[in-house]
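Reviewing the structure listed below.
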4 protein chains.
Amino acid sequence: MKETKKEKIIDAAVRLFQTQGYDGTSVRDIASKANVNVALVSYHFGGKKGLYEELMTQFLEGYLKVIKGEVDKTFGSCRDQLLSLIHSLLEYQSTNHFVARMVHREMTMDSVLVRELMSTYLRKEKHDLEGLIRTGMRRGEFRKQAIDFVVIHIRTMIIMPYQSPHYLSELYQITTTEPYFIDRYMKHIRQWVDLCLCKHMELSTSTSYLLPRSISQ
Amino acid sequence: MKETKKEKIIDAAVRLFQTQGYDGTSVRDIASKANVNVALVSYHFGGKKGLYEELMTQFLEGYLKVIKGEVDKTFGSCRDQLLSLIHSLLEYQSTNHFVARMVHREMTMDSVLVRELMSTYLRKEKHDLEGLIRTGMRRGEFRKQAIDFVVIHIRTMIIMPYQSPHYLSELYQITTTEPYFIDRYMKHIRQWVDLCLCKHMELSTSTSYLLPRSISQ
Amino acid sequence: MKETKKEKIIDAAVRLFQTQGYDGTSVRDIASKANVNVALVSYHFGGKKGLYEELMTQFLEGYLKVIKGEVDKTFGSCRDQLLSLIHSLLEYQSTNHFVARMVHREMTMDSVLVRELMSTYLRKEKHDLEGLIRTGMRRGEFRKQAIDFVVIHIRTMIIMPYQSPHYLSELYQITTTEPYFIDRYMKHIRQWVDLCLCKHMELSTSTSYLLPRSISQ
Amino acid sequence: MKETKKEKIIDAAVRLFQTQGYDGTSVRDIASKANVNVALVSYHFGGKKGLYEELMTQFLEGYLKVIKGEVDKTFGSCRDQLLSLIHSLLEYQSTNHFVARMVHREMTMDSVLVRELMSTYLRKEKHDLEGLIRTGMRRGEFRKQAIDFVVIHIRTMIIMPYQSPHYLSELYQITTTEPYFIDRYMKHIRQWVDLCLCKHMELSTSTSYLLPRSISQ
DNA sequence: TATGAATGAGAGTTCATTCAT
DNA sequence: AATGAATGAACTCTCATTCAT
């Protein structure tokens, strides 16, 4: 057996949580989709809630790690760093798109866990994004404006394709997992960054930013 | 009794669905919060599902009606019409912010109902938004660019404050229901419209668009 | 309105009890089939149980009355009287075949009511049937044999077509309500009476008994 | 534990269905009579309906098997074979008298399941009984007469003691499960067969038919 | 006489979890 | 590590009935 039973449970859970939500998915659903005994969920994860929390934190930890990795890089411009960060987060979510979707939906719930996760993970995300924008403004790269809405706007753009993929695919036949989606979407984002965020004179001259080869436009 | 029991049920349901999600809310929760007998939910709405569907369609119908109302108005510019439309939709959601939040979350589920609602309601929303943008481009008001992402971007901005209000309030102390939130948020959106959507020369000259007094900037 | 609402309820109840049994039929079923408000059942009959008991006793009272009417007639022979009695009971059940079916099924339940009805009604039926058979034996018309089984056998034959009409129609395409069924069935019963009950020498001579014209063989 | 919990459920269900009917019995009744958790009924039988169907089909399958066993035997006369068949069916029902009573009552309902069971099981019963009677007529053992009513009559006699045992015990103090009941009842049936079914000349000579010792008269 | 709203009780089923094996 | 049996709690919904109108 290639995949351990524990992994099979995770895979099944992710897929079901993503489609039906946490409360809409039963342990039996998961077990039967994973071809595994029901009791195993409790055995391996200490129950449905444990499995759920593991999925949430794993995703968010990876998410944070991506941010940290990008923030630690040295870039010529804040603009390029921001675009690289956004790109990496899109790729991370694309790789784990089922979990991503699940996490984004569950994060709209009003529970103790969600509040905790926000404090633990999203606060860091907020902090790092704000730091980046603030630096850009200080350096004169970005236009001065209310920082809150800018950060929120950026975050919304990052998350949207994996929060409403169903909407995109149903109404626009856009599959957020297909190879070139991120490239196309990045073009849109880059435009936003250059027009809305950066100071205007620079906008026509600087057209490229450094990226790993694989995601070059 | 001022509020009929049927209305009390709706109010309770909206509040609970919004916080815990549809599957996370039990009929008994609703009934007890509404100070009403459990059986009354089935009596008035034909069950939990019926109540849920009524809430969803009611909200979406009202949403569409707002769009229709705005599209039928005559404006000097597409820009002003777009901004007025966005503003009205924000106000509509603000008035029904509990339902709005519930609907936006449930719309990320993968169910037959959601698919139907998308076809019935969101397809119209998409159609009208696209029409508006396309007209603006034809008239030379808006810059030519991929229409898909533009529409999606606009929709995302409209919806975001009521899809993730919890995030905003928890991390930014932004209450999306407070009186001036819409004004502040509109300023941000207007900036986006002028910078990203409109052709640049005009951007510094036209600064106002017609709105009812109450929402003047 | 030709039929009063009370009668409409009775009709609907009879049809439903007959098909689904008492416990399998809800007051709402009855009311909706009768196009009548649910509360009317309680109003007119003091509840589902009251309606049920009224149907049961009405049928059984009529049943007893038929027996009494036949027993009081004067016949030349016990054989003819027995056959006339059987015939009348078949006709009575045929006229009220829905109630008949319902009563016969419900009579196989084990409840206080059933026990009471047995004591009140079926005991009389038993008494009269036994009397008739006993007289026939005393007069030398009927062969002497265990009276218990004979009476039970006769009763079973009387009841069978309305206790298992569904069986007959499903497997034999015999409709127990069609005009000539009773005639055909009586021929069978008469054969049984003549062969099994009567002394043999007489069997070929006496061939007819007095009946209303319509059911003449 | 001698009896498994599954068996305990079956026993309790049979007893309750028999007394109160299927619709009159609740799963909780069954579980509490069986000293078992309510959920176990759904676990083992997939719900009340599943349990019910299992009981029905199990009984009817056994019933058919008895018929098949008798039909396959070789007898000197059709009369003896018929009597042996009837005897075996009485014994089978006597052994499972609770289920028998339940099945016979439920078979008078008008449901999809009943229609299916009739097609599946009772059609075979009808076929075999008809075959036996027809052979008897061809061989000259049985008097020629309408075969339908004969078969129905026989079936009615076979079933009656277990369809209306309550009637018998209440009004006649006849317990259909007591050891000698079948013997006494068989005497009555044999009389019917000899008088009504067989040709008359033979009736006084042939008085016995081969049976296993245990049921010799 | 008739009704729609409302109710408490109980229906059958599913839930996540535990336990002995 | 893995399982099938078993459980108590909770689920949604329907039940027959009552009540004010």
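Naming convention: chains lettered A, B, ... in sequence-line order (proteins, then strands); numbering from 1 in each chain.
Taking the side chain of D:Val27 as heavy atoms from C-beta on, and the options E:dA16, E:dG12, E:dT3, the nearest nucleotide is E:dG12. Listed candidates were E:dA2, F:dT17, F:dT3. Nearest to the side chain of C:Lys5 is E:dA2.
Both tests hold for B:Lys6 against B:Phe45: distance to the six-membered ring centre under 6.0 Å, angle to the ring axis within 45°.
Of all nucleotides present, only F:dG8 satisfies the Watson-Crick or G-U wobble test against E:dC15, with each distance under 3.5 Å. Pair assignment for F:dC13: E:dG10, on the basis of Watson-Crick or G-U wobble contacts that are both within less than 3.5 Å. The pairing partner recorded for E:dT21 is F:dA2, the criterion being a Watson-Crick or G-U wobble arrangement whose two distances lie under 3.5 angstrom.
One interatomic measurement links the two molecules: OH of B:Tyr52 to P of F:dC11, which rounds to 19 Å at whole-angstrom precision. Going from atom CG of A:Leu51 over to atom C1' of E:dT17 covers 14 Å, rounded to whole Å. Residue C:Lys48 contributes atom NZ, which lies 19 Å from atom P of E:dA9 at whole-angstrom precision. Regarding D:Asn35, its CG atom lies at a distance of 17 Å from the C1' atom of F:dA5, rounded to whole Å. Per the geometry, CD belonging to C:Glu7 stands 11 Å off P belonging to E:dA2, to the nearest Å. When rounded to the nearest whole Å, the span between CZ of B:Phe45 and C1' of F:dT12 equals 16 Å. Here E:dT13 presents its P atom at 10 Å from CD1 of D:Ile30, a figure rounded to the nearest Å. The distance between atom CG of C:Leu40 and atom P of F:dT17, rounded to the nearest whole Å, is 14 Å.
C:His97 has its side chain out of reach of C:Arg101: every pair of non-hydrogen atoms, C-beta onward, lies at least 4.5 Å apart. When side chains are defined from C-beta on, C:Leu113 counts as touching C:Tyr52, because their heavy atoms get closer than 4.5 Å.
Phosphate contact (OP1/OP2 of E:dG4, side-chain N/O of B:His44, threshold under 4.0 Å): absent. Listed pair C:Lys49 / F:dT17 fails the phosphate criterion, with no side-chain N or O lying under 4.0 Å from OP1 or OP2. Distances shown here put every side-chain N or O of D:Asn37 at or beyond 4.0 Å from the OP1 or OP2 atom of F:dA6. Dashed line: the shortest gap from a side-chain N or O of A:Ser26 to OP1 or OP2 of E:dC15 is under 4.0 Å. Look at C:Ser42 and you won't find any side-chain N or O under 4.0 angstrom from OP1 or OP2 of F:dA16.
In terms of position on DNA chain F, the residue among C:Tyr22 and B:Thr25 whose nearest nucleotide sits closer to the 5' end is B:Thr25. Of the two residues near DNA chain E, D:Asp23 and C:Lys6, the one whose nearest nucleotide lies more 5' is C:Lys6. If you find the closest nucleotide of DNA chain E to A:Asp29 and to C:Val36, the one lying nearer the 5' end belongs to C:Val36.
With hydrogens and angles ignored, a donor-acceptor pair closer than 3.5 Å exists between the side chain of D:Arg28 and the base of E:dG12. Between the base of F:dA1 and the side chain of A:Tyr43 there is a donor-acceptor pair shorter than 3.5 Å.
Between the OG1 atom of D:Thr57 and the OH atom of D:Tyr121 there is a distance of 5.0 Å, given to the nearest 0.5 Å.
Under the side chain to side chain donor-acceptor pair (under 3.5 Å) rule, A:His104 has a single partner from A:Gln163, A:Gln18, A:Gln93, which is A:Gln93.
Not one N or O on the side chain of D:Arg115 forms a donor-acceptor pair closer than 3.5 Å with the backbone of C:Glu170.
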